[in-house]
Structure formats: structure tokens, C-alpha cells
There are 2 protein chains.
Amino acid sequence: MTDAAGRRRPTLSAIASAAGVSAATVSKVLNGRDDVGAQTRAHVQRLLAEHDYLPATRQRPARNGPAGPHRTIGLIFDDFMSPYATELIRGVTDAGAAADADVVVGRFSDGSSGTDGAAWAQRLLRAGRDGVLVVTSDLTAQQTSGFSEVGLPLVVVDPVHTPQASVASVGATNWTGGLSATEHLIGLGHRRIAHLGGPARAAISQARLHGYRAAMENAGLPVDPRLVVDGGFGFEAGLELATGLLAADDPPTAVFAVTDVCAFGVVQAAHRRGLRVPEDLSVVGFDNTYLAPWVTPALTTVHTPLQDMGRYALQMLLRLVDGETVEPHHVELATELVVRDSSGPPPARVPAAAG
Amino acid sequence: MTDAAGRRRPTLSAIASAAGVSAATVSKVLNGRDDVGAQTRAHVQRLLAEHDYLPATRQRPARNGPAGPHRTIGLIFDDFMSPYATELIRGVTDAGAAADADVVVGRFSDGSSGTDGAAWAQRLLRAGRDGVLVVTSDLTAQQTSGFSEVGLPLVVVDPVHTPQASVASVGATNWTGGLSATEHLIGLGHRRIAHLGGPARAAISQARLHGYRAAMENAGLPVDPRLVVDGGFGFEAGLELATGLLAADDPPTAVFAVTDVCAFGVVQAAHRRGLRVPEDLSVVGFDNTYLAPWVTPALTTVHTPLQDMGRYALQMLLRLVDGETVEPHHVELATELVVRDSSGPPPARVPAAAG
DNA sequence: CTGAAAGCGCTTACAG
DNA sequence: CTGAAAGCGCTTACAG
């Protein structure tokens with residue numbers, strides 16, 4: 001029986017020799033029997049921990065076979081109740097199946113992360129992870145450095161912050177996507193275009209926002225600061241921010257939302273105000289998750305190749321696990337506008353419901 | 001090692017005596033060695049399944065040992081690009097985190113399933129799975145018996161077919177859900193209520209359909225066979241079937257769709273025909289996935305406790321992994337109607353767009 | 001408390 | 001193909 005790194009795991013009797021006691025005594029300690037002296041118990045426990053002992057019954061079955069180097073990687077999300085996460089899971093697990101790597105799904109909030117990066121990485125290592133993929137998470141430098149201290153390969157997908165140079169990452173051309181979404185709306189004749197952004201400190205929010213700004217400036221259109229708001233990536237943020245925008249004096253005729261799910265919130269806000277999409281308000285999302293064509297009206301959005309990003313990130317991670325150097329360290333895959341039914345020309349005049 | 005009821009699990013040599021072969025031969029069968037005669041192998045496999053054999057190494061390990069590599073369970077979907085799957089993943093991984101079990105996500109189509117159930121189970125066992133959770137999949141009896149033959153615990157979530165008595169399963173009260181969805185529409189005044197069902201052979205489709213029929217009959221309403229159609233659980237099925245229904249001479253004023261995603265297709269079909277939801281057509285879904293409140297109009301649907309089902313299924317599976325017997329073997333969690341914006345009174349007369 | 005010894009459940013190299 | 005026999009990792013009843 002060998003561990004993930006191919007080392008032989010110590011047996012109970014090996015621990016016994018190391019501790020200078022009999023195998024029976026070690027067994028008793030392991031099973032919490034009370035007929036063991038306190039000192040002996042403490043001593044044995046220390047050696048068990050030191051040697052990273054694992055009962056044979058808890059190790060993987062010895063089923064042989066030249067099955068190649070089997071690897072287990074962790075895939076960690078802030079939240080996976082979103083179509084965005086679903087697309088990534090699909091890409092990562094597909095690539096995992098192809099490369100004979102197991103993908104263990106988990107969440108940041110599972111309590112395992114904590115502030116001590118090295119301890120967290122150590123736990124993941126002990127749990128058998130050969131590498132870890134973290135998605136859109138608020139990784140601190142302290143946390144990422146924990147991974148390198150422990151020697152656990154790490155790849156970040158869509159890093160919320162601009163990633164440290166040392167951490168491998170996979171993202172998308174968010175700036176270009178924001179540009180083309182906004183250009184699409186300008187091309188339809190819109191002048192008052194709002195941008196409903198994600199958290200201001202997040203790198204992908206900033207890139208999408210600056211794409212919007214660039215398109216407005218290129219077209220010689222002023223950016224009304226009241227039409228540029230930020231909040232979050234989710235439905236609630238979209239609903240609340242759009243409700244505010246639409247209630248204002250001079251409301252926008254189009255909204256570019258930072259994600260598809262955020263755009264759903266905008267559509268809901270429009271509906272509550274009696275506005276039709278796209279007749280009274282055009283809405284453009286971002287990501288083109290599998291849901292975009294399933295809502296009514298089908299959502300115009302910027303396609304982000306999330307499945308490809310997941311696949312790419314997994315392959316990158318496996319190369320790191322295999323001890324290869326990965327160049328380039330940061331990759332951005334191309335985005336592309338997909339026009340559906342939620343965007344159209346602006347209404348001839350200000351919608352009746354406004355004011 | 002005894003199970004929860006205090007019964008002893010059969011040992012390998014007990015199986016050997018029962019089969020009239022040596023322990024060595026049984027061991028070879030369990031490990032998929034090829035130096036066993038085909039007849040002998042088949043005979044031994046039958047007895048392993050009959051006696052519900054579980055290798056000692058998979059039974060409950062020493063409690064006080066160091067935290068080892070958590071148990072690893074496989075979570076297998078037909079397709080996880082749906083909010084339904086996302087809810088289940090959330091429940092299963094949450095319970096996994098709490099119970100110190102790793103959840104490895106995979107798909108049926110990963111090529112690993114095949115027709116030889118024992119070989120498939122064997123591969124999963126070799127890949128380190130301590131148990132497997134299969135969701136809504138077309139598991140044949142041949143496949144499920146493969147799991148018991150190799151001693152790999154199996155739990156099925158929302159079994160597409162009525163499960164074999166021997167296979168543990170977790171589902172929901174689909175009949176009751178179909179009943180309350182339909183009663184809701186009847187209570188609003190609808191008389192021509194369509195049911196857009198899932199695949200006819202699927203157990204959950206049938207239960208939801210019969211709930212619909214029961215409600216109609218209880219209310220003394222005739223079931224127009226032209227309004228009861230079946231197809232699939234997805235968006236495309238909803239779109240196509242509803243398009244046909246709405247184009248007919250005497251279209252329904254309400255549709256009860258077999259899933260939320262199918263209901264999205266119905267809403268899209270209504271929109272394309274110029275019908276408003278709920279003014280011209282009421283739509284009720286099933287599952288109450290996280291998306292139901294995010295679409296416009298927010299979807300009236302039957303809440304299915306998918307996260308709870310996932311948690312329950314995982315806990316059930318871990319008990320089987322620990323060598324306990326699980327009673328009851330089949331569990332159905334309660335469903336509950338959630339009324340939102342997609343259902344309302346029927347229009348005063350046939351919508352103008354019809355005919 | 002401690003450990004020698006017996007034993008359990010399982011696996012495997014090898015003889016037939 | 002098959003199984004007797006040796007052996008592995010672990011546990012436990014019991015003697016000291």
C-alpha cells in the first residue's frame with residue numbers, strides 16, 4: 001500500500017517498533033481502549049501522528065492493475081448554486097474523466113479554509129489531494145503561499161483579484177466581452193446604457209466595467225455615473241440595483257449586467273415596473289451559461305467558454321502535479337457576443353412607466 | 001463486525017462454504033482476477049449478492065484512529081447541466097463535508113458504466129470508491145446486481161424506474177406533488193389543464209402524471225387525452241410539446257409541467273405565440289430549483305427537497321459503507337407547492353391568439 | 001498496565 | 001482452474 005506520492009505507509013507494527021511497545025498496545029491506543037498507561041498512550045499517539053499512520057482498513061483497496069498514476073484533485077467553489085459553477089464543473093470533470101483524475105467537489109465555506117493557508121493546504125494534502133482548483137474565491141496571498149509551502153499545486157479559475165504572478169490562473173477576455181456587449185447596445189441605437197457591475201474590488205468586475213467604458217468613449221457617448229452601479233454577481237444584486245435605476249428620473253434604455261444571473265434580476269425588476277424586455281428595456285448578460293437560451297426572453301449575453309476554461313485549468317493543474325512547468329502562467333480564453341431576444345432598439349421615447 | 005440490527009455480516013469464508021469453493025477462489029472473484037472459471041465465478045457472484053457480502057475492509061474502521069483519507073463516494077449523473085443536479089450536488093457535498101467523506105463527481109457517459117455491472121462496479125472499487133450514489137439513471141437490474149456482487153454499496157436517488165427492492169433509494173412524494181400542483185390550478189378556476197410529462201417509462205413521470213389524474217378526477221373534470229403528452233424532462237421537450245398544444249383548436253389555459261426546466265420551455269412557447277403568462281396561460285413546474293424565483297414571471301412550482309434528498313442519500317450510503325443495514329430501504333421526502341407569479345385565474349375567454 | 005499468543009478476515013505465490 | 005498453505009495487518013482474551 002502506497003500513498004499518493006508512492007511512499008509506503010507505515011503499518012501498525014512499524015509504529016510499535018518505533019515506539020518500543022507491542023503491536024497490541026498500539027492497537028489499543030488506536031481503538032480507544034482504556035487499559036493503556038497515560039504516558040504510553042501519549043507516546044504512541046505522538047508517533048502515530050509523526051509517521052502519518054493510517055489503518056490498512058482505511059487505505060484504498062490494494063486492487064492492483066497497471067491503471068497509471070491515479071490523481072485526485074480538489075475543485076473548490078465559493079458557491080455552486082449558479083449555472084456558472086455548473087458549466088465549470090462540467091468542464092473540469094470531463095477533463096478529469098479523460099485524464100483519469102478524480103475530481104472532489106467542495107466549498108470554501110466548508111470550514112476547511114481558514115486563515116492559515118499552510119494548515120489548510122496541509123489538510124487537503126492529507127485528504128489525498130494531488131492538486132487544487134479554486135474558483136472565483138477570495139484567496140489571500142497568505143492562503144496561496146500556503147499551497148506552495150506545502151508543495152500542493154494550485155490553479156485559480158477566474159481569480160477575483162488580479163492574481164499574484166506566481167499563481168497559475170485561467171480566465172476569460174472580460175474587457176473585450178464588456179466592450180462587445182456595450183458596442184452591441186450602442187449599435188442598436190441606445191445612448192443611455194447602464195452598467196450593473198459586480199463587486200468593485202473583483203478583477204473580472206473591473207475588466208467588464210472598463211470594456212463598457214471603452215465602448216462608450218469610442219462612440220463619443222458620455223458615461224453617466226448614475227448609470228454605473230456595482231453590487232454583486234447574483235440575482236438579488238441585479239434586482240435591487242435595477243429597481244433603483246429604473247425608478248430614477250432619466251432611466252436607461254439598456255442595461256449591461258455583469259453576469260447572466262444578474263441580468264435575470266434586471267429582467268425581473270423591469271417586469272415589476274411594467275416594462276417589457278426588449279421593447280422598453282434591453283438587457284445583456286455575461287457568461288452565456290446553459291440557462292441563457294432557456295429564459296424568456298432568451299438572453300443576449302457574452303459567451304464565456306466556461307467548460308473550456310474548466311478543462312484547460314484541470315490540464316494545467318495536472319501538468320503542475322506532474323512536476324512540469326506551465327507556461328504561460330496566466331491564460332485568458334476568448335469571449336464572444338451571442339445575440340438573442342433580450343436586446344433590441346430603444347423605444348421611440350421615454351417609457352410611459354418612468355417618472 | 002455487526003450491522004445495526006446486530007446481525008453478523010457474512011465473511012468471505014462463509015460465502016466460500018456456501019458456494020462450496022475455497023476462500024481463495026472467492027477472494028479472486030472479488031478482486032476480478034481472471035484465473036477463475038466462468039461458471040465458478042458466476043456461482044460465487046450470485047452468492048455474494050444473495051448474502052449481501054461486504055469486505056471487512058469496507059466495514060466500520062477503528063473509531064479513534066487518526067483522521068485518515070476520508071471515505072470516498074462517487075456521485076454519478078446522467079447529465080448535470082441542470083439546476084436539479086446542482087441542488088443535489090449541493091446536498092450531497094454538504095453532507096459529505098460534515099461526515100468527512102469525499103464526493104467525486106462523474107457522469108454516466110464517462111464510458112465507465114457499460115452493460116457489465118460487475119465490471120463497472122469493479123472499476124469504481126479500484127478507483128477507490130467506498131460507495132456510489134447514482135442519480136436518475138437508467139440502471140438495469142444487471143448493473144445494480146453488479147454492485148452487490150463486488151460488495152460496493154449503492155444508493156439511487158430519484159430512480160427513473162421503480163427500484164428493485166434490494167437497492168436502497170431516495171425519492172420524493174411525486175404523486176402528492178402532482179396532485180397539489182393540479183389542485184392549485186383547479187382552485188384558480190382552470191378546467192382545461194394540460195400535463196406535460198417526462199419520459200413515460202420513468203417512475204417519477206408516472207407518479208407526477210397520476211397525481212395530476214387524481215386531482216382532475218377528484219374535481220370531476222374530464223382528462224382530455226390530447227392535453228396529456230409526454231416527452232422529456234428538459235427545455236426542448238417543454239418548448240416543442242407546448243408549441244403543439246397551444247396551436248391546437250381548443251388549447252389549455254394552464255399547463256402543469258413535469259420539471260421546472262420543462263416549464264421554462266412552456267413559457268418560451270407561450271411567448272412565441274404571443275401569450276402572456278399567467279394572464280393567458282398559467283404554468284406550474286416541479287422541483288423548485290434555485291432558478292424558479294429567478295425567472296420572469298417567477299415560477300409557481302412544487303418544492304422537492306433536493307438538497308435534503310442529497311444529504312439523506314449520502315448518509316444512507318455511508319451507513320451501508322460502514323456495514324450497517326439501512327431500514328427503510330426506500331425513502332420519499334415530502335413535496336410542497338410554492339405559489340409564485342406564473343399561475344393565476346384563467347382568461348375570461350379563449351385567448352385572441354388561439355385558432 | 002503490558003505483551004505473547006491465538007485468531008480473524010483476507011490475499012497471494014505456488015503446486016497440482 | 002483450484003485450493004492448501006503461508007502470510008499480512010490487525011484485534012482480543014488472558015496470563016503475568
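If you're wondering where the values come from, they're calculated on a predicted model, not measured in any experiment. In what follows, chains carry the letters A, B, and so on, assigned in the order in which the sequence lines appear, proteins first and then strands, with residues in each chain numbered from 1.
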### Query
Do any side-chain nitrogens or oxygens of B/Y53 fall under 4.0 Å of OP1 or OP2 in C/dG9?
no
### Task
Would you kindly give the CG-to-C1' distance between B/N31 and C/dA13, to the nearest whole Å?
15 Å
### Task
Give the rounded distance in Å between these two atoms: CG of B/L30 and C1' of C/dT12.
14 Å
Checking [X] now: which residues fulfil salt bridge (Lys or Arg N to Asp or Glu O under 4.0 Å) with it, not counting sequence neighbours?
X	value
A/D34	none
A/D79	none
B/D78	none
B/D287	B/R208

### A/H43 side chain to A/Q39 backbone, donor-acceptor under 3.5 Å
no
### 5'-to-3' dot-bracket of DNA chain D (Watson-Crick, G-U; under 3.5 angstrom; crossing pairs as [ ]; | other strand)
|||.||||||||.|||
### Task
Identify whether the distance between the nearest side-chain nitrogen and carboxylate oxygen of B/D102 and A/R129 falls below 4.0 Å.
yes
### Message
Roughly how many Å apart are D/dG7 and D/dG3, using the C1' atom of each and rounding to a whole number?
### Response
16 Å
### Inter-nucleotide P distance (C/dC10, C/dC14), Å rounded
24 Å
### Query
Knowing that exactly one of B/T93, B/T86, B/V92 qualifies, which makes a side-chain contact (heavy atoms from CB on, under 4.5 Å) with B/I89?
B/T93
### Query
What's the verdict on side chain to side chain donor-acceptor pair (under 3.5 Å) for B/T335 and B/T304, showing C-alpha distance, side-chain angles and the deciding distance?
CA-CA 5 Å; B/T335 54; B/T304 306; over 6 Å; no
Please write out the pairs of protein N or O atoms and N or O atoms of nucleotides 1-3 of chain D separated by less than 3.5 Å, giving the distance to one decimal.
from, atom 1, to, atom 2, distance (Å)
D/dT2, OP1, B/T40, OG1, 2.8
D/dT2, OP2, B/G37, N, 2.9
D/dT2, OP2, B/T40, OG1, 3.0
D/dG3, OP2, B/S22, N, 3.3
D/dG3, OP2, B/T25, OG1, 3.0
D/dG3, N7, B/K28, NZ, 3.4
D/dG3, O6, B/K28, NZ, 2.6

